[in-house]
**Student:** 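Before I ask anything, here is the structure I am working with.
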Amino acid sequence: MMVVLEGKNIEVAKGTLVSDLVHGEHVLAAYMNGHLVDLNAEIPDGAELRFVDFSHKEGKKVYWHSASHVMAMAVKSLFPEAKLAIGPSIDQGFYYDFDTEKPFSQDDLVLIEKKMGEIVQKKMPFQRVVMRKDEAIKLFSQKNESYKVELLQEIEDEHVTLYQNDDFIDLCRGPHVPHTGVIHAFKLLSVAGAYWHGDVEQPMLSRIYGIAFTQKADLNVYLEKLEDARQRDHRKLGSELELFTIFEEAGAGLVYWHPKGAFIKRSIEEYWIEEHIAAGYQLVSTPHIARGHLWHRSGHYDYYRDNMFVVPVDKEEYILKPMNCPGHILIFKSKVRSYKDLPLKFAELGQVYRHELSGTLHGLLRVRGITIDDGHIFCQPQQIEDEIVKVLELTMRMLRKYGFENFKIDLSVRDEHKKDKYLGTDEEWAQAEQGLISALQRTGLEYEKQEGEAVFYGPKIDIKLLDALGREWQATTIQFDFNLPKRFKIEYMDQGGKLKEVVAIHRAIYGSLERFIGCLIEHYKGSFPLWLAPIQIMVLPITDKQAVYAGTVLQECLNMGLRAELNNKSERIGQKIREAEVQKIPYILIVGKKEVENSTVAVRKHGKGDIGAMPLKDFLNVIKEEQGGDN
RNA sequence: GCCUGGAUAGCUCAGUCGGUAGAGCACGUCCUUGGUAAGGACGAGGUCGUGGGUUCAAUUCCCACUCCAGGCUCCA
């Protein structure tokens, strides 16, 4: 019979298995007529086949999923009483959830890993078993695997597949790698609690996360990357570089910026203000607190009450603002606006407060006191597209300033089948969604359309930026709002003298400044570019005899508007260099006897080391070009 | 909010099977004046997260709370 393998016609005997066509171990599974199958699947006549290896996304999934089975085998042999829940592959590796009397500890992982090693050695085949559902239920009931039984009961098919290695059997759709020996390099990474079905009401299970690779070297690279990420942790760098502290005494999720961190924050804000004024925004400033009445009218009180800080004042409730929009709307509504005034764009670096659940707080990435770089665009329907294009262009220019080059853009639209879930008319949605699409097309940005991901009050564009390690960070969001214009009756007078409802667009480019700075810290690994570095230059005299010259070097730097400091402690130069390097200061100017005689400075650049001596003027010229940052 | 594990000097951590504690780094003083990532000596520094309980005695055992970590959930 004929089959098509990787696009080529070949002749094979009837009853040939996929594995018969495979040479070597790198092939993990195969696509047969579009379906992913095991290698020991039989090939039907005329089948179209494509091999899948670890370099394919699907291959990784199969591999990691098989690794999770190996882990489950190890767990069941060490802890026979542990009940199996689920064990899928994830973006980076796999996990398996178990119900155990006592949750696993870090020490257990070592034991489990060891056992996994033994299982891998045995090269146990993954055998696919097809069974009637009721038989499978019986089987797992006997084994006291209640979670598997529950899963089976949710399956509607009459037959189910199971995979068996020796006496270990697990409900599984598959496919799997041929045998356990294929799993070469693996590591169990962490243990965590997780609810069954992710449901708070359900039992808490013990989850083990792991990762696996076909080569030991790849695993090492991955582990190094994890270690690099740990080294970049903004919480660690934040305290080492004295950028910020979150004080237990002062409250969770509330950030105290130390001078250096505050400098960075202010630099980012100043740059933002400059760009926004140039882009036609008008800065406004609104209070941190407002009467409850305002939040009832905006609808926040009903939808968002649990996340708001409520303060009793006299006989009513005041609320710490969780968002800036109502404030900006009040300013818009303070007088009758003409179509000639539109688009009207208000911007504010507004401090908002949100009562996020304690467990979700995380360094700067999730806080309760948030600085939002908020902007609201009030415009006419026909202005939508142009305005979105302007926002996108502004966003790209600003994010690129920080060295972000790769983005993931999501366009979230409503679910056409559940229109009743959303506010706003068909016409409004069509206009808004089309405006976003046209704007994205005009700017040439690639995006992914996410059906049904829009919020109930309007469609949106979210931009995630990819940092130096390729990790995603949610930053920019551009959202239509069909809710607030109606609730607040925000209108403008058109050419015909009639009042019409405005189109309102929320947008934030950094998103949250706290999160953005956290991201920057990790992106730069604490080594800020010159324009953001709190201290740009450290002047170090080699001995006390150069103190006077070092003082003049410092002064010249300061006169140029540079942020420079002088360390004239009577320490060895190696020690003082170390202190400055640990602080990741971009430039160190070392002055000794030679430099005094020649009126030069010996320049040491962070990350590069000694770049030689040069006249101070030359150095100042070099640095002047670097000073403004990119663009 | 939920689960597990934590909280000891400014930081990183050790320790006390119940009798109020120790290291390294950082900090201060002195010696040293040294040419590209840690010179030496001495010194100061802690109500052992907070509040209660048991006990002659609690940093240690028990309870509650707060905060932190890793997850889960949440993020109109």
**Student:** Here's a test of your reading of the structure: between A/A252 and A/R366, which maps to the more 5' nucleotide of RNA chain B?
**Tutor:**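 Counting from the 5' end, the first nearest nucleotide belongs to A/A252.
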**Student:** Should the side chain of A/E242 and the base of B/G10 be counted as holding a donor-acceptor pair, with the cut-off at 3.5 Å?
**Tutor:**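 Per atom types, no contact qualifies.
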**Student:** Please tabulate, one pair per line, each protein N/O and nucleotide N/O from nucleotides 31-33 of chain B that are separated by under 3.5 Å, including the distance.
**Tutor:**
residue	atom	partner	partner atom	Å
B/U33	O2'	A/K545	NZ	2.9
B/U33	O2	A/D544	N	3.0
B/U33	N3	A/D544	OD2	2.8
B/U33	O4	A/D544	OD2	2.7
B/U33	O4	A/S570	OG	3.3

**Student:** Is A/E595 touching bases, backbone alone, or none of the nucleic acid, heavy atoms closer than 4.0 Å?
**Tutor:**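 Base contact.
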**Student:** So that I can compare with my own list, what are the stems of RNA chain B, taken as at least three consecutive Watson-Crick or G-U pairs with distances under 3.5 Å?
**Tutor:**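 When the pairs of RNA chain B are grouped into runs of at least three, the stems are B:1-7 with B:66-72, B:10-13 with B:22-25, B:27-31 with B:39-43, B:49-53 with B:61-65.
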**Student:** For A/H362, report the nucleic acid contact type (base, sugar-phosphate, nothing); a contact means any heavy atom under 4.0 Å.
**Tutor:**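 Touches sugar-phosphate only.
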**Student:** Run the salt-bridge test on A/E317 and A/R305 with the 4.0 Å N-O cut-off and return the result as yes or no.
**Tutor:**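 Yes, A/E317 and A/R305 are salt-bridged.
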**Student:** Pick base, sugar-phosphate or nothing for A/R354, based on heavy-atom distances below 4.0 Å to the nucleic acid.
**Tutor:**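 Counting heavy atoms under 4.0 Å across all strands, no contact is made by A/R354.
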**Student:** If you only use heavy atoms from C-beta on, which nucleotide in B/C74, B/U36, B/C67 is closest to the side chain of A/R604?
**Tutor:**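 So the side chain of A/R604 is nearest to B/U36.
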**Student:** Rounded off to whole Å, could you give me the CG-to-P distance for the A/L365 and B/G71 pair?
**Tutor:**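 Distance, rounded to whole Å: 12 Å.
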**Student:** With sugar-phosphate meaning primed atoms plus P, OP1 and OP2, does A/G574 contact a base, only sugar-phosphate, or nothing at under 4.0 Å between heavy atoms?
**Tutor:**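 Contact class for A/G574: sugar-phosphate only.
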**Student:** Is the closest basic N to carboxylate O distance between A/D426 and A/R414 below 4.0 Å?
**Tutor:**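 Yes, this pair counts.
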**Student:** Whole Å only: how far is the CD atom of A/Q546 from the C1' atom of B/U36?
**Tutor:**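 Answer to the nearest Å: 14 Å.
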**Student:** Would you kindly give the NE2-to-P distance between A/H606 and B/A37, to the nearest whole Å?
**Tutor:**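 Distance, rounded to whole Å: 13 Å.
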**Student:** Run the salt-bridge test on A/R507 and A/D374 with the 4.0 Å N-O cut-off and return the result as yes or no.
**Tutor:**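 No, A/R507 and A/D374 are not salt-bridged.
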**Student:** Tell me whether A/E522 is salt-bridged to A/R471, with the criterion being a basic N under 4.0 Å from an acidic carboxylate O.
**Tutor:**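 Salt bridge flag = yes for A/R471 with A/E522.
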**Student:** Consider the side chain of A/T360, meaning its heavy atoms from C-beta on, and name the nucleotide among B/G71, B/U36, B/C74 that approaches it most closely.
**Tutor:**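 My answer, after comparing the listed nucleotides, is B/C74.
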**Student:** Using whole Å, what does the distance between atom C1' of nucleotide B/C3 and atom CZ of A/F98 come to?
**Tutor:**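 Distance, rounded to whole Å: 17 Å.
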**Student:** Do the side chains of A/E501 and A/K486 get close enough for a salt bridge, i.e. N-O under 4.0 angstrom?
**Tutor:**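 A salt bridge links A/E501 with A/K486.
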**Student:** Rounded to whole Å, please give me the gap between CG in A/D97 and C1' in B/C3.
**Tutor:**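 Atom CG in A/D97 sits about 12 Å away from atom C1' in B/C3.
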**Student:** Pick base, sugar-phosphate or nothing for A/A580, based on heavy-atom distances below 4.0 Å to the nucleic acid.
**Tutor:**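 No contact.
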**Student:** Check every strand shown and say whether A/R305 touches a base, only sugar-phosphate, or nothing at a heavy-atom separation below 4.0 Å.
**Tutor:**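 Contact class for A/R305: none.
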**Student:** Does A/Q575 place a side-chain N or O at less than 4.0 Å from the phosphate oxygens OP1/OP2 of B/A37?
**Tutor:**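 False: A/Q575 side-chain N/O out of range (4.0 Å or more) of B/A37 OP1/OP2.
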**Student:** Could you tell me whether the side chain of A/R207 has a donor or acceptor atom within less than 3.5 Å of a complementary atom in the base of B/C72?
**Tutor:**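 Side chain to base: no pair present.
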**Student:** What's the closest nucleotide to the side chain of A/V582 if the choices are B/G35, B/A37, B/A76?
**Tutor:**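 Ranking B/G35, B/A37, B/A76 by closest atom to the A/V582 side chain puts B/A37 first.
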**Student:** What does A/K569 touch in the nucleic acid at a heavy-atom separation under 4.0 angstrom: a base, only the sugar-phosphate, or nothing?
**Tutor:**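 Sugar-phosphate, backbone atoms only, no base.
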**Student:** Should A/D410 and A/K464 count as an ion pair when the cut-off is N to O under 4.0 Å?
**Tutor:**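 The answer is yes: the pair qualifies as a salt bridge.
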**Student:** Side chain of A/Y209 only, heavy atoms from C-beta on: which candidate in B/G71, B/A76, B/A37 is closest?
**Tutor:**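 Ranking B/G71, B/A76, B/A37 by closest atom to the A/Y209 side chain puts B/G71 first.
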**Student:** Salt bridge or not for A/E242 and A/K584, using N-O below 4.0 Å?
**Tutor:**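 Between A/K584 and A/E242 there is no salt bridge, as every charged N stays at least 4.0 Å from the carboxylate O atoms.
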**Student:** Remember a base hit wins even if backbone is also touched, and classify A/E581 as base, sugar-phosphate or nothing at under 4.0 Å, heavy atoms.
**Tutor:**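 Answer is base: heavy atoms of A/E581 come under 4.0 Å of a base.
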**Student:** Side chains of A/D170 and A/Y96: is there a donor and an acceptor less than 3.5 Å apart?
**Tutor:**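 Distance-only check passes for A/D170 and A/Y96.
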**Student:** Regarding A/R604 and A/D610, does a basic nitrogen lie under 4.0 Å from an acidic carboxylate oxygen?
**Tutor:**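 Here A/R604 does not pair with A/D610 in a salt bridge, since their nearest N and O are not under 4.0 Å apart.
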**Student:** If you measure from the Lys or Arg side-chain nitrogens to the Asp or Glu carboxylate oxygens, is any gap between A/R230 and A/D228 under 4.0 Å?
**Tutor:**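 A salt bridge is absent here (no side-chain N lies under 4.0 Å from a carboxylate O).
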**Student:** Taking for each residue the nucleotide of RNA chain B bearing the nearest heavy atom, is the 5' side occupied by A/L357 or by A/K576?
**Tutor:**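 Comparing both residues, the 5'-ward one is A/L357.
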**Student:** Say we look at B/G24 and B/G45: how far apart would their C1' atoms be, to the nearest angstrom?
**Tutor:**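 That atom pair is separated by 15 Å.
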**Student:** Would you kindly give the CZ-to-C1' distance between A/F456 and B/A76, to the nearest whole Å?
**Tutor:**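 Nearest whole value for this atom pair: 5 Å.
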**Student:** Look at all strands and tell whether A/F247 reaches a base, only sugar-phosphate, or nothing, counting heavy atoms closer than 4.0 Å.
**Tutor:**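 The residue A/F247 makes no contact with any strand.
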**Student:** Find the distance A/L205:CG to B/C3:P and express it as a whole number of Å.
**Tutor:**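 A/L205 atom CG is separated from B/C3 atom P by 13 Å.
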**Student:** A/Y457 OH to B/C75 C1': how many Å, rounded?
**Tutor:**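 One finds 11 Å between C1' of B/C75 and OH of A/Y457, rounded.
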**Student:** Is there a side-chain contact between A/H606 and A/E581, using heavy atoms and a 4.5 Å cut-off?
**Tutor:**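 Contact flag for A/H606/A/E581 side chains = yes.
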**Student:** For a quick check of understanding: with a heavy-atom distance under 4.0 Å over all strands, which category does A/M308 fall into, base, sugar-phosphate or nothing?
**Tutor:**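 Since no nucleic acid heavy atom lies under 4.0 Å of A/M308, the category is nothing.
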